[in-house]
Amino acid sequence: MRFLFPIYHPLFSSPSSLSSPSFFSISRSLLGPFLSSFSPSFLMAPPAAMEAQEAASRNAFANDVSAASHISRVTVVGSGNWGSVAAKLIASNTLKLASFHDEVRMWVFEETLPIGEKLTDVINRTNENVKYLPGIKLGKNVIADPDLDNAVRDANMLVFVTPHQFMEGICKRLVGKIKEGVEAISLIKGMEVKMEGPCMISNLISELLGVNCCVLMGANIANEIAVEKFSEATVGYKANREIAEKWVQLFSTPYFMVTPVQDVEGVELCGTLKNVVALAAGFVDGLEMGNNTKAAIMRIGLREMRAFSKLLFSSVKDSTFFESCGVADVITTCLGGRNRKVAEAFAKNGGKRSFDELEAEMLQGQKLQGVSTAREVYEVLSHRGWLELFPLFATVHEICIGRLPPSAIVEYSEHKPNFALVEGSAQYY
């Protein structure tokens with residue numbers, strides 16, 4: 001660019017010359033018509049005003065950058081029945097809340113459908129998970145992604161909702177692939193049993209990925225929430241109430257009420273152990289033992305859930321069992337969950353058809369959690385010498401593996417457990 005006069009002309013040698021009358025008279029004579037395109041107020045503004053204007057512009061820009069950097073991006077890791085419903089809930093809120101980016105990524109374990117198309121392509125074309133949540137629109141801002149690394153790359157809020165037996169492998173794949181400062185939440189029911197003892201899924205996520213992890217559990221049959229029938233859930237958190245409230249904000253809708261509770265272990269164990277109780281309820285239904293028997297099984301199951309949780313983690317609160325994640329989840333899972341449904345079929349067949357066979361036939365690709373959880377709980381009980389303390393839990397596992405017939409679900413009560421075997425455990429009953 002050529003200037004009408006040298007840029008280092010003496011006219012510009014000092015700040016005072018910029019405000020002198022001679023500067024403007026000379027510049028007007030030299031620049032002539034070019035000045036008509038500029039605001040006179042800008043030309044006549046003293047240096048202090050110009051600096052103030054520039055500072056205001058810089059501050060506004062910085063504020064815009066800061067606001068943009070604080071907008072949260074959400075990825076749902078999992079796309080089954082419950083994962084798809086979670087994505088629907090979240091997507092409805094990210095469109096309304098200024099603190100969240102509109103788009104919600106959902107990682108999909110890629111499958112080829114009978115029609116020959118990839119599941120991911122069909123979800124993105126129809127806005128519907130035709131395999132695991134048919135007939136329900138997820139929201140146009142839900143983007144299905146078969147590439148796990150790509151799905152989580154830009155996210156600073158991760159929602160984990162996959163079968164618990166796959167979580168260790170998924171977390172190991174994500175090491176070094178997620179952003180710094182990511183917050184996580186687990187909707188997964190189950191636990192890992194290692195040589196050193198049981199490991200909750202939220203702890204597994206925290207340890208492998210180095211992130212804070214809350215949990216969301218509750219009386220949540222996914223298909224009912226998908227059609228917007230009213231239900232509740234509980235967010236369990238360790239210490240940071242502000243983060244818990246952000247998760248509450250992200251999930252809450254007029255038909256899905258979420259409450260935060262500072263008891264992550266208690267909330268997560270409720271969501272995990274209730275599936276074992278649901279198997280027991282299914283055996284009762286399959287043998288047509290009636291509602292009285294089923295109610296007794298649910299009560300005994302809740303009692304064992306509470307005792308087991310408090311023996312594993314002394315911090316677990318009694319009040320947690322009165323939240324949605326506790327007694328409410330036991331009730332709804334024992335009345336209508338997939339674990340109850342398959343256990344009923346198992347009992348009707350006299351235990352002659354395996355759970356794997358029934359799962360494949362009845363759940364269309366969804367996974368049972370109760371059978372594997374019952375095995376994991378049994379391993380803990382056996383290792384710690386607690387089998388006599390938890391006759392319902394122990395009996396459920398032994399029925400599942402064929403060691404006992406389904407009718408044994410009510411016969412165990414002949415052997416009254418000695419709760420005093422574990423110091424202090426009697427107070428939990």
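All residue numbers refer to positions in the sequence shown, counting from 1.
Phe251 and Phe256 have tilted rings, their planes meeting at an angle from 30° to 60° on a 0 to 90° scale.
Residues Met167 and Thr162 have side chains in contact (heavy-atom distance under 4.5 Å, counting atoms from C-beta outward). Within the 4.5 Å cutoff, side-chain heavy atoms of Asn129 are placed close to those of Leu119. Between Leu311 and Leu389 there is a side-chain heavy-atom pair separated by less than 4.5 Å. Residues Phe346 and Ile399 meet the side-chain proximity criterion, which asks for heavy atoms closer than 4.5 Å.
In this structure, Asp154 does not pair ionically with Arg73, as no charged nitrogen and carboxylate oxygen lie closer than 4.0 Å. Using a 4.0 Å cut-off between charged side-chain N and carboxylate O, Lys317 and Glu323 make no salt bridge. Using a cut-off of 4.0 Å between Lys/Arg side-chain N and Asp/Glu carboxylate O, Lys310 and Asp318 are scored as salt-bridged.
Cation-pi contact between Lys246 and Phe100: present, with separation from the ring centre below 6.0 Å and deviation from the ring axis of at most 45°.
Few gaps surround CZ on Phe313; more than 12 heavy atoms of other groups in view lie less than 6.0 Å from it. Summarising the local packing, CZ of Phe322 is surrounded by 12 or fewer heavy atoms from other residues, nucleotides or ligands at distances under 6.0 Å.
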Using distance only, find each side-chain donor-acceptor pair of residues 179-188 under 3.5 Å and give its atom names and separation, not counting sequence neighbours.
unit_1	atom_1	unit_2	atom_2	d
Glu183	OE1	Asn212	ND2	2.9
Ser186	OG	Ile188	N	3.2

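Nearest approach of Ser231 to Ile225, heavy atoms of both residues: OG-CG1, 3.4 Å. Here the closest non-hydrogen pair linking Lys189 and Gly271 is CG-O, 2.7 Å. The two residues Cys270 and Thr320 make their nearest non-hydrogen contact at SG-CG2, 4.5 Å.
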